[in-house]
**Q** 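This is the structure I have questions about; it appears just below.
Predicted model only: the values in this text are computed from it and were never measured. As the structure lists them, so they are numbered: ligands from 1, and atoms in each ligand from 1.
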Amino acid sequence: MNAPLGSRGSPSPAIEAGLAGVYERCLPERDGQVATYIPELATVDPEKFGLALATIDGRLCARGDSETEFTIQSVSKAFSYCLALELLGREEVLRHVGVEPSGDAFNAIVFDPRTQRPFNPMVNAGAITVCALIYRVLKDDALAFVLERFSKAAGRPLRVSEEVFRSEAETGHRNRSIAHLLLNVGAARQPIEPALDLYFRQCSILVTASDLARMGATLANIGENPFTGESVFDVAAVRDTLSVMFTCGMYDYSGNWAMDVGVPAKSGVGGGVVGVVNRQLGIGSYSPRLDAKGNSVRGLRAFRELADEFGLHAFECTNYGSELVRGLA
Ligand code: DON
């Protein structure tokens, strides 16, 4: 069924009903395991499930634990990439991080053999490089900048969980190794510790499913938060970010995701997933049980069902896509 998404300003019974149905159908899904490799993440309630959808005309529909805070983790990588593109320009960022799907796990210690650069900004190696680039420009103001922009996208002030940050900083030996290899291949420069600190802190920012939906809607609305009217992200950077989310956002599940769901998305081991339907809406989900690839099991199912329910897939026959050709007629 392809329910209409409603017109600007109108109520949205179709969205409310569709979202409620998806939530109820996904609630019994209990497969997967909560992440434990960051000790603090093991303490979350595995039963939590929140689902939210935000339209680019500024309406939010939410179900379940949509206001429960959790750490953003890798979902942050999409937004910080967008900020790095704005700060350093596309060319400079591309000199340090590629845009090819790696087909590897998010924490793989592997670089593109041709360029000796991280494959893309959605895997840890690429995201740490992005943090190094942001740090290079902003130095000690980097975290405040990232927090401010993430907050503007969410439409409320966000903060870092010091507990999760400390937990990851103390146990993140693999990421520390990756950071030193980045120095070795010349993708990042010294000092690398502040870049790692920025990476661990940005991953520890607390968000809700509703925040993710609004952040997604800000990307869908070419960088302007539709709830506050504030300009948050650079338009050209949004286009590039969505492209990389589409091809690499779900790690070594990205190809399947493109086929099944067909929206740019990014997941995190905290259990969050953000999705963006270009020029239409943002979707946020939270459910902390993960599959072996580090993606939320219930979140994946909810996105699959939402895509079917509302016909969200980018290449769904009901989606018109670009207006250009029709505009020329
Ligand atoms: O670097 C890490 O291991 C975490 N801070 C983030 C990893 C993550 O969220 C991967 N996503 N599925």
Side-chain angles (χ1 to χ4, degrees), residues 32-44 46 69-81 97 101-110 118-132 143 146 150 160-182 188 192-193 195-207 209 212 215 244-245 248-254 256-257 261 264-275 284-300 303:
Q33 305 289 332
V34 167
T36 53
Y37 76 97
I38 299 172
E40 194 64 25
L41 292 186
T43 64
V44 302
E69 287 192 321
F70 57 93
T71 52
I72 189 167
Q73 298 298 336
S74 286
V75 178
S76 64
K77 294 170 179 169
F79 297 96
S80 58
Y81 181 58
V97 193
S102 66
D104 286 311
F106 68 85
N107 58 2
I109 302 185
V110 49
F119 274 99
N120 66 69
M122 302 293 132
V123 292
N124 290 9
I128 294 168
T129 307
V130 164
C131 285
L143 178 68
V146 167
F150 281 32
V160 169
S161 161
E162 286 300 323
E163 293 77 24
V164 175
F165 162 68
R166 236 176 293 122
S167 186
E168 183 165 9
E170 280 164 12
T171 58
H173 309 303
R174 193 177 175 97
N175 282 330
R176 213 160 255 118
S177 316
I178 290 173
H180 283 272
L181 282 171
L182 291 171
I192 200 68
E193 265 310 312
L196 260 175
D197 188 85
L198 177 62
Y199 174 72
F200 291 147
R201 285 186 192 274
Q202 97 174 14
C203 286
S204 305
I205 292 174
L206 289 162
V207 290
L212 290 186
M215 293 170 84
V244 177
M245 287 168 74
C248 312
M250 305 302 281
Y251 309 117
D252 38 341
Y253 189 69
S254 296
N256 280 285
W257 178 269
V261 183
K266 185 74 206 79
S267 64
V269 292
V273 184
V274 68
S285 71
Y286 171 52
S287 177
R289 289 197 188 94
L290 311 177
D291 63 19
K293 296 180 194 291
N295 296 321
S296 164
V297 177
R298 226 190 227 147
L300 254 59
F303 268 81

**Q** Check the angle between the aromatic planes of Y286 and F70 and answer parallel, tilted or perpendicular using the 30° and 60° thresholds.
**A** parallel

**Q** What is the minimum heavy-atom distance between F303 and S285, and which atoms define it?
**A** CE1-OG, 3.6 Å

**Q** Does ligand 1 have a heavy atom under 4.0 Å from the side chain of Y251, from its backbone, from both, or from neither?
**A** side chain

**Q** Quick one about Y199 and N124 (side-chain donor to acceptor, distance below 3.5 Å, no hydrogens or angles considered), yes or no?
**A** yes

**Q** Which protein heavy atom lies closest to atom 7 (C) of ligand 1, and at what distance to 0.1 Å?
**A** S74 OG, 2.9 Å

**Q** Counting both backbone and side chain atoms, is some N or O of Q73 under 3.5 Å from an N or O of ligand 1?
**A** yes

**Q** So which heavy atom on A195 is nearest to which on A132, and how close?
**A** CB-CA, 3.5 Å

**Q** Below 3.5 angstrom, do we get any N/O pair linking V269 and ligand 1?
**A** yes

**Q** Identify, by atom number and element, the atoms of ligand 1 in contact range of C203, meaning under 4.0 Å from any of its heavy atoms.
**A** 5 (N)

**Q** Got the closest protein heavy atom to atom 3 (O) of ligand 1, with its distance?
**A** Y37 OH, 2.4 Å

**Q** Distance alone, cut at 3.5 Å: any donor-acceptor contact between the side chains of Y253 and S267?
**A** no

**Q** With a 4.0 Å cut-off on heavy atoms, is Y199 touching ligand 1?
**A** yes

**Q** Given side chains that start at C-beta, do those of F106 and M250 come closer than 4.5 Å, heavy atoms only?
**A** no

**Q** Using a 4.0 Å heavy-atom cut-off, which part of N124 comes near ligand 1: side chain, backbone, both, or neither?
**A** side chain

**Q** Applying a heavy-atom cut-off of 4.0 Å, say which part of N175 lies close to ligand 1: side chain, backbone, both or neither.
**A** side chain

**Q** For the 3.5 Å polar cut-off, considering only N or O atoms, please tell me whether G294 and ligand 1 meet it.
**A** yes

**Q** Check each atom of ligand 1 against the heavy atoms of G268 and keep those under 4.0 Å away; list them by number with element.
**A** 9 (O), 11 (N), 12 (N)

**Q** Applying a 4.0 Å heavy-atom criterion (strictly less than), which segment of E168 is in contact with ligand 1: side chain, backbone, both, or neither?
**A** side chain

**Q** If you take all heavy atoms of L290 and V297, which pair is closest and at what distance?
**A** C-CG2, 3.6 Å

**Q** Quick one, N175 and I128 - any side-chain contact, counting heavy atoms below 4.5 Å?
**A** yes

